[in-house]
There are 2 protein chains.
Amino acid sequence: MIFLDQPDEIKRVSVAVIKRLPKYYECLGNLLKNNVERVSSQELSKILGFTASQIRQDLNNFGEFGQQGYGYNVQQLYLEISKILGLDTVHKMVLIGAGNLGQALVNYGEFRTHGFDIVAVFDTNPALIGRKINNVPIYSTEEIEYFIKENEIDIAVMTVPKGEAEKVAGILEKTRIRGIWNFTPVEIKLENEDILIENVHLIDSLFTLSYRINENKLQKRLLKQKRKIFPRP
Amino acid sequence: MIFLDQPDEIKRVSVAVIKRLPKYYECLGNLLKNNVERVSSQELSKILGFTASQIRQDLNNFGEFGQQGYGYNVQQLYLEISKILGLDTVHKMVLIGAGNLGQALVNYGEFRTHGFDIVAVFDTNPALIGRKINNVPIYSTEEIEYFIKENEIDIAVMTVPKGEAEKVAGILEKTRIRGIWNFTPVEIKLENEDILIENVHLIDSLFTLSYRINENKLQKRLLKQKRKIFPRP
DNA sequence: TAGATTGTTAATCGATTAACAATC
DNA sequence: TAGATTGTTAATCGATTAACAATC
């Protein structure tokens, strides 16, 4: 007879940690390529610019991957993190909107390398339907729902014009899709909370850069404004 | 005679706040379009999903834009935030790497709408040099340094293959460019700290989505592993 | 004026860093 | 074994939220 000591609630991993995971993955991938066998949190800290403490904390959200006095086995940690990121399985994707950006993404090899496989493209333009991009067929948007259901698609990439975004999201909501990778500037809201949305708001990124370029100028202006003028006591 | 009460050090605005600024800007832009005249932090909270308290804190990093009992004037706040983001001036940009992604970005109208103006494209491919994308001329990469110096370019968009990234960054470092909008997966390190780098690491974004899709599965697995088996006392 | 809502101080929450016993 | 380095607890830091006086 045994007792099971099961935690009653799941401690959710913070977004900050999740955003660092791809960095760990990439870094370990590089080390692996260079035939580095083991690595300490100290060494990772030097490469990545996070503190060693933070790295150990981050990793311990998911398990005990290291060994005292040794550090981490590069290959093993790399595999663990790839599992955590879900990169140990192939993700079937469709892309909706075969404009410039859509075509760029279909042609980009890096995604397939990591198991993200765009198997179909959808567009409303009759001139495109029936053609192929990078050997991936283009179908009519009318077929999205049927295709996703038939082909067990995980992820939909949305690269449609912003006016189309809501409509496409509505169609996707009727399927068993797991995630939407949204390149439109529209904030997608779905009833179905099982469908995860990851936004790539390029204009936000550019605005952020613009802010930083402008920052010094701005602060000088603010300082001036905030000066207060007192009459002599 | 007057005394000037000048703060001795600048309080830096946190990254979290900066990342929310584009959201404020977009939201206020929409309100303005709908002829909304005034808005309270309460109402903004409903639209944006941040707390009213956070919104007031964020804005007060930059000035006192509101009025007790009234709220914020939409137009005025919109203009203030556009100034903060540096959107009140035109930014001249060049794009380096006329591949699929590069072409997509040159063709994307949204940037110009907000004053980000791509005035030249550079590529190594002789077949492209001399041609135009969306009326923007393509030049040889050899001309980057000269062109940027002559034309007072603010921002360089890097859409070259990852093998070229370091080299291009080296060229850019020799210019008076203010920022690099980096679409390559390479982590650019420059001596010159005046050049700001904004990364768009698409693959990281996709990995993050994959993590979240995989999360439930993962946590079940982790829970199982973390169960500890005790012999009966 | 009374009601509304700001700007700002104080309290809380969560994430990062430091420290160190455990242990390879 | 001695040295190294983990996993983890405790301390610190910073960001978010709550509360409220100021004031339009």
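Chain naming here is simple, since letters A, B, ... match the order of the sequence lines and numbering starts at 1 in each. Both backbone and side-chain heavy atoms feed into the values below; hydrogens, waters and symmetry mates do not.
OP1 or OP2 of C:dT16 sits under 4.0 Å from a side-chain N or O of A:R20. OP1 or OP2 of D:dG7 lies within a sub-4.0 Å distance of a side-chain N or O belonging to A:Y72. For the pair B:S41 and C:dT5, the criterion of a side-chain N or O lying under 4.0 Å from OP1 or OP2 is not met. Using a 4.0 Å cut-off, some side-chain N or O of A:Q54 falls inside it from OP1 or OP2 of C:dT16.
The pair A:K92-A:D117 does not count as a salt bridge, with every side-chain nitrogen at least 4.0 angstrom from each carboxylate oxygen.
Geometric assessment of B:R38 against the ring of B:Y72 yields a negative cation-pi assignment under the 6.0 Å and 45° thresholds.
Counting atom types as modelled, B:S14 pairs no side-chain N or O with a base atom of D:dA15 as donor and acceptor under 3.5 Å. Taking 3.5 Å as the limit, the base of C:dT5 and the side chain of B:Q42 contain no donor-acceptor pair of atoms between them. Interface remark: the A:Q67 side chain does not form any donor-acceptor pair with the D:dT5 base, using a distance-only criterion of under 3.5 Å.
A residue-by-residue look at B:S53 and A:T51 shows that B:S53 has its nearest nucleotide of DNA chain C further toward the 5' end. For the pair A:Q57 and A:A52, both in contact range of DNA chain D, the more 5′-proximal nearest nucleotide belongs to A:A52. When each of A:Y70 and A:R56 is assigned the nucleotide of DNA chain C with its nearest heavy atom, A:R56 is the one assigned upstream, toward the 5' end.
Checked against the 6.0 Å centroid criterion, the rings of A:H114 and B:F207 qualify as a close aromatic pair.
In this entry C:dA4 has D:dT23 as its Watson-Crick or G-U wobble partner, both defining distances falling under 3.5 Å. Nucleotide D:dT16 forms a pair with C:dA11, judged by Watson-Crick or G-U wobble geometry with both contacts under 3.5 Å.
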